[in-house]
Each structure stands twice: as C-alpha cells, then as structure tokens.
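Below you'll find the structure, written out as structure tokens, and then a few comments.
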Amino acid sequence: QVRVVESGGGSAQPGGSLTLSCQVSRNMLAINGMGWYRQAPGKQRELVASMIGDDKIDVKDSVKGRFTISKDVAKHTFYLQMNNLRVEDTAVYYCKVQEAAWNPVDHWGQGIQVTVSS
C-alpha cells in the first residue's frame with residue numbers, strides 16, 4: 001500500500017522553529033507534486049506551501065519568509081521547515097502527495113499537531 005507518514009510535530013515557543021517530515025512509501029514511484037496543509041480549530045483546512053513537479057515552491061503569504069519545503073529524494077521524504085513561529089501557526093498539519101498516474105491520486109498523511117505557545 002502507498003503510505004504517507006508524518007513526523008516531527010510538537011510544541012515550540014513564539015519565534016522558535018520546527019521541521020516536519022513527510023515520508024512516502026517506496027512503492028509510490030512518481031509524484032506530480034505535494035503540499036503541506038494545516039487546519040486550526042474552528043478553521044478551514046488551508047494550503048500552507050506546495051512543491052510542484054519542477055520543484056517550484058510556493059508558500060502562503062502569511063508564512064512567506066518563514067516556512068519552506070525541502071526534500072531528500074534518497075529518503076523519500078519531504079520537509080516543512082518552519083521558522084519564526086507564531087501562536088497563530090498552531091494547527092494540525094497534513095502532508096498531501098499526488099501520485100502520478102493516468103488518473104492522479106492524492107495520498108494524505110495522518111496529520112500532526114503543532115502547538116506554538118509561550
């Protein structure tokens with residue numbers, strides 16, 4: 001089975017940093033792109049940052065200059081690097097990877113909690 005497993009969540013103080021990992025099972029041979037999403041309590045899920053096929057990275061305006069995506073191909077892992085964290089960054093974060101196929105399929109990670117508080 002194709003699996004997407006997230007790790008690296010936890011707590012940080014405002015101004016701190018966290019890095020989230022999204023490891024994709026090796027039987028997913030190719031992807032069209034991926035994105036990091038988050039959902040805060042009482043809020044809609046929103047796209048935070050994305051990486052498309054040519055590795056172009058786009059980030060939501062509210063995290064521009066603070067968050068970015070990187071990857072380690074050998075480890076089949078994507079990362080969300082979060083710096084200068086703010087309280088409003090508190091949310092459950094989800095990794096979504098779109099598998100390349102005749103009919104592309106989205107695979108979601110399980111979601112991990114990020115809590116930013118003093």
- Item | For the student: nearest non-hydrogen atoms of G9 and I112, plus distance | N-CD1, 3.8 Å
- Taking every non-hydrogen atom, the tightest pair across Q81 and S70: OE1-OG, 3.2 Å
In a table with atom names and distances, give each donor-acceptor pair under 3.5 Å that connects a side chain of residues 17-24 to protein atoms at least two apart or in another chain.
unit_1, atom_1, unit_2, atom_2, d
S17, OG, N83, OD1, 2.9

- Residues passing the side-chain contact (heavy atoms from CB on, under 4.5 Å) test with K71, sequence neighbours excluded, are M51, D55, V73, F78
- Task: Output all residues satisfying side chain to side chain donor-acceptor pair (under 3.5 Å) with N32, sequence neighbours left out; order by chain, then residue number.
- Result: Q98
- Between V59 and A49, the two heavy atoms sitting closest are CG1-CB, 3.7 Å
- Message: Considering only residues two or more places apart or on different chains, which pairs with a residue in residues 51-72 satisfy ring-ring contact (aromatic ring centres under 6.0 Å, His included)?
- Response: none
- Task: State the CZ-NZ distance between R26 and K75, to the nearest 0.5 angstrom.
- Result: 10.5 Å
- Item | salt bridge (Lys or Arg N to Asp or Glu O under 4.0 Å) against D106, all qualifying residues, sequence neighbours excluded | K96
- Residues at least two apart in sequence or cross-chain that pass side chain to side chain donor-acceptor pair (under 3.5 Å) with K60, listed by chain then number, are E46
- Task: Quick one: closest heavy-atom pair of C95 and V4, and the distance?
- Result: SG-CG1, 3.9 Å
- Considering residues at least two apart in sequence or located in another chain, which fulfil the side chain to side chain donor-acceptor pair (under 3.5 Å) criterion with Q110? none
- Query: Are I31 and V48 connected in the hydrophobic side-chain network, where two residues link if heavy atoms are under 4.5 Å apart?
  - Reply: yes
- Among pairs that include at least one residue of residues 40-66, which meet ring-ring contact (aromatic ring centres under 6.0 Å, His included), considering only residues two or more places apart or in two chains? none
- Message: So, using side-chain contact (heavy atoms from CB on, under 4.5 Å) as the criterion, who are the partners of A101 when residues are at least two apart?
- Response: none
- Which residues share a side-chain contact (heavy atoms from CB on, under 4.5 Å) with N27, sequence neighbours left out: V2, S25
- Item | Working for side chain to side chain contact (heavy atoms under 4.5 Å, CB included), residues V105 and N103 | CA-CA 6 Å; V105 177; N103 186 15; 5.7 Å; no
- Taking a hydrophobic cluster as the set of Ile, Leu, Val, Met, Phe, Trp and Tyr residues connected by side-chain heavy atoms closer than 4.5 Å, whether directly or through intermediates, do W36 and Y79 fall within one such cluster? no
- side-chain contact (heavy atoms from CB on, under 4.5 Å) against R86, all qualifying residues, sequence neighbours excluded: R66, E88, D89
- Query: S7 versus V5: any side-chain heavy-atom pair under 4.5 Å?
  - Reply: no
- Spacing of S50 atom OG and I69 atom CD1 [to the nearest 0.5 Å]: 6.0 Å
- Query: In Å, rounded to the nearest 0.5 Å, how long is the span from OG of S117 to CD of Q13?
  - Reply: 7.5 Å
- Task: May I have all residue pairs that pass ring-ring contact (aromatic ring centres under 6.0 Å, His included) and include part of residues 83-118, sequence neighbours excluded?
- Result: Y37-W108
- Query: Atom CZ in R38, atom CE in M82: separation rounded to 0.5 Å?
  - Reply: 9.0 Å
